[in-house]
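Indexing begins at 1, ligand by ligand and atom by atom, following the structure's order.
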Amino acid sequence: MAIITFDHVKKVYGKQTVIPNLSFSVEKGEFVMMIGTSGSGKTTTLKMINGLIMPSGGDIIVEGKSIKEHDLIALRRSIGYVIQGSVLFPHMNVEENIAYVLKLLHKSKEEITQAVDHWMKVTDLDLSLKKRFPSELSGGQQQRVGIARALAATPDLVLMDEPFGAVDAITREALQQEIKKIHAQVGITIMFITHDIEEALTLGTKVMVMDQGQIVQYDTPEVIKTHPANAFVAQLVSRTQ
Ligand SMILES: Nc1ncnc2c1ncn2[C@@H]1O[C@H](COP(=O)(O)OP(=O)(O)OP(=O)(O)O)[C@@H](O)[C@H]1O
């Protein structure tokens, strides 16, 4: 069953058409890695899923309902969202950051404590860090808190925009393994933007290659590797071993 469907979506900024006509579906439980040239419309596509950007034409169906019919605030809270760099609330400690959406959803104190402990463990954050503020954490720890916060309300769908772009290679690999494990265990659907073809082929159950607001190829990592749709995709995968 599709959790996201783009139906002839168009996006225009001023006079510039950045997405002329985009149609695709994401099945429940997929881990879709989006990769493509800079400015090809990946972030715009992602932000149209949780209503941060509205399409200029066409329709987007999320969880069976057009975004035109969704309550956009409720939609945003129901979808996990992780972006590059620290986007934690600087005046809230780790515990408060992770609990943020749960509080908005009026969860009980016990439920919140349980969820905070659970997601800190899953993201490999020591529980002794609960009272620390973001400025007192390493980049990798901040990114882990960002992931724990996005997952704490156990969304069906998580959008990730280059979530590991700002961390060192070792932390990046650890976070990749963690998100892969979480995906396998929890069965959530993930849409994840990366500039790293190795990351795309390793993490994705599907890889979506974009160029100039269009999908060039959308298939399993295996097919992308063995049957690149054109020279652009071939060149992209040629950078891997
Ligand atoms: N708010 C905006 N106003 C005008 N143009 C915009 C706006 N946001 C994005 N664009 C333009 O739309 C195009 C697509 O941008 P988008 O951020 O979606 O690309 P991207 O594929 O995510 O790029 P990158 O890989 O560099 O992050 C770019 O040409 C960008 O300059």
Q) Given the rule in the salt bridge (Lys or Arg N to Asp or Glu O under 4.0 Å) test, do R144 and E178 qualify, once you have shown the distances and angles that lead to the verdict? A) CA-CA 10 Å; R144 285 189 165 87; E178 268 150 38; 3.4 Å; yes

Q) Does NZ or CZ of R149 fall inside the cone over F89's six-membered ring, less than 6.0 Å from its centre and within 45° of the axis? A) yes

(Q) Counting only heavy atoms from other residues, nucleotides and ligands, does the tally under 6.0 Å from NE2 of H195 exceed 12? (A) yes

Q) Is it true that R172 and E199 make a salt bridge, defined as a side-chain N closer than 4.0 Å to a carboxylate O? A) yes

**Q.** Side-chain donor-acceptor pair present, Y13, T44, cut-off under 3.5 Å
**A.** yes

**Q.** Given I193, T194, I83, I147, the one that forms side-chain contact (heavy atoms from CB on, under 4.5 Å) with M160
**A.** I147

Q: Tell me the residues surrounding ligand 1, counting only those with a heavy atom closer than 4.0 angstrom, sorted by chain and number.
A: Y13, Q16, V18, T37, S38, G39, S40, G41, K42, T43, T44, H195

